[in-house]
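Both backbone and side-chain heavy atoms feed into the values below; hydrogens, waters and symmetry mates do not.
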Amino acid sequence: ANPQSLAHWYEVRIGDMARVAGLDCRNVEMLPRDANRWGYQICAEKQTNLPLKAMVINGSNQPLMQYAFAEVKLATTGSALKPLPRTPLPTMPESARGLDSEQVTAKVLPPGFSRIAAVKRHLPDMLDEVEHWVFSDGLTHISLFLTPTRKPVETARGESARGMVNLMR
């Protein structure tokens, strides 16, 4: 992600050193500047910046998801780590295909977000294909699934949230 762009949407705080998987790492907090994003707490290995531990936190500073390595083996003498060449994004799975035309548009997005993917795919237990859109600010990603209906439906209006799943109707 572009660090300058992310600075508009996140406050970055450099923290103390810690140890994860037997390696020294630096704690870094990325705190959202608005209510449209989650925060991140990362412990990055001091030489390579490899994230050894990461946590996604909600607006109440509660963890939504976390991971940590228990064991890591880094390259040693004579085999310095080199950045990998940039590679294109992975291709769509065979079950997904690009959109023929769009019947729905996203008119208003949170500041800094743009659509980075839009495909149609079959999901288990669904008769029709669904559209899957992905939006990102360079760090946070939002998935939107659009499902066709065969008859008119009456939906509730409003928002709900449970863990990492947020719904808006």
Side-chain angles (χ1 to χ4, degrees), residues 1-12 21 28-44 50-72 83-169:
N2 178 346
Q4 290 81 14
S5 172
L6 291 178
H8 292 297
W9 317 118
Y10 299 91
E11 176 187 346
V12 178
V28 178
E29 284 186 294
M30 298 187 73
L31 305 172
R33 295 186 187 271
D34 60 30
N36 299 312
R37 292 160 176 80
W38 288 322
Y40 297 85
Q41 295 176 352
I42 300 165
C43 199
L50 175 71
L52 300 176
K53 180 179 178 183
M55 183 177 356
V56 179
I57 55 174
N58 66 14
S60 301
N61 212 27
Q62 297 172 322
L64 296 171
M65 176 184 76
Q66 62 184 342
Y67 74 85
F69 287 99
E71 183 179 339
V72 175
L84 295 173
R86 287 191 173 251
T87 56
L89 292 173
T91 58
M92 290 185 287
E94 288 184 29
S95 63
R97 62 181 179 80
L99 302 180
D100 299 329
S101 66
E102 295 184 26
Q103 298 177 1
V104 178
T105 59
K107 292 182 181 178
V108 179
L109 294 173
F113 281 86
S114 62
R115 191 172 78 179
I116 60 169
V119 297
K120 278 192 172 187
R121 65 180 67 209
H122 283 284
L123 294 179
D125 301 325
M126 303 271 318
L127 294 175
D128 296 313
E129 287 182 312
V130 300
E131 287 187 25
H132 179 199
W133 295 4
V134 179
F135 302 89
S136 179
D137 67 355
L139 184 62
T140 296
H141 292 76
I142 299 170
S143 282
L144 171 67
F145 290 90
L146 303 168
T147 60
T149 61
R150 296 190 182 278
K151 57 184 177 184
V153 294
E154 196 170 313
T155 62
R157 295 275 181 204
E159 301 175 15
S160 67
R162 182 173 294 178
M164 292 186 71
V165 177
N166 295 288
L167 300 172
M168 180 182 288
R169 297 182 202 140

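- For the pair I116 and F135, the minimum side-chain heavy-atom distance is 4.5 Å or more.
- Put simply, the side chain of R33 gets close to the backbone of A7: a donor and an acceptor are under 3.5 Å apart.
- Expressed to the nearest 0.5 Å, how far CD1 of I142 lies from CH2 of W38 amounts to 8.0 Å.
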Verdict with supporting geometry, T147 and D128, side-chain contact (heavy atoms from CB on, under 4.5 Å) | CA-CA 8 Å; T147 60; D128 296 313; over 6 Å; no
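- Here the closest heavy-atom approach between residue P51 and residue I42 is recorded as CB-CG2, 4.0 Å.
- S5 and Y10 form no side-chain donor-acceptor contact under 3.5 Å, judged by distance and modelled atom types alone.
- The shortest heavy-atom contact between A117 and R115 is O-CG, 3.4 Å.
- The two residues V56 and Y40 come nearest to each other via the heavy atoms CG2-CE2, 3.7 Å.
- The backbone N or O of G138 lies less than 3.5 Å from a partner atom in the side chain of S136, making a donor-acceptor pair.
- The side chain to side chain donor-acceptor pair (under 3.5 Å) test applied to N58 returns Q62, not counting sequence neighbours.
- For E29, there are no salt bridge (Lys or Arg N to Asp or Glu O under 4.0 Å) partners two or more places apart in sequence or in a different chain.
- The line from OG1 of T140 to CG of N36 is 10.0 Å long, rounded to the nearest 0.5 Å.
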Enumerate, atom names and distances included, each donor-acceptor pair closer than 3.5 Å involving a side-chain atom of residues 64-71, sequence neighbours excluded.
none

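- For the residue pair D34 and W9, the shortest heavy atom distance occurs at OD2-CE3, 4.3 Å.
- In this structure D125 satisfies the side chain to side chain contact (heavy atoms under 4.5 Å, CB included) test with no other residue, sequence neighbours excluded.
- When all heavy atoms are compared, the tightest approach of M30 to L6 is CE-CD1, 4.4 Å.
- Remark: L146 engages V104, E131, W133, L144 in a side chain to side chain contact (heavy atoms under 4.5 Å, CB included) (not counting sequence neighbours).
- Between F113 and H141 the shortest side-chain heavy-atom distance does not fall below 4.5 Å.
- K120 places none of its side-chain heavy atoms less than 4.5 Å from the side chain of V130.
- Residues satisfying the side chain to side chain contact (heavy atoms under 4.5 Å, CB included) criterion with S143, sequence neighbours excluded, are H132, V134, F145.
- Counting all heavy atoms, side chain and backbone alike, A106 lies closest to L109 at CB-CD2, 4.1 Å.
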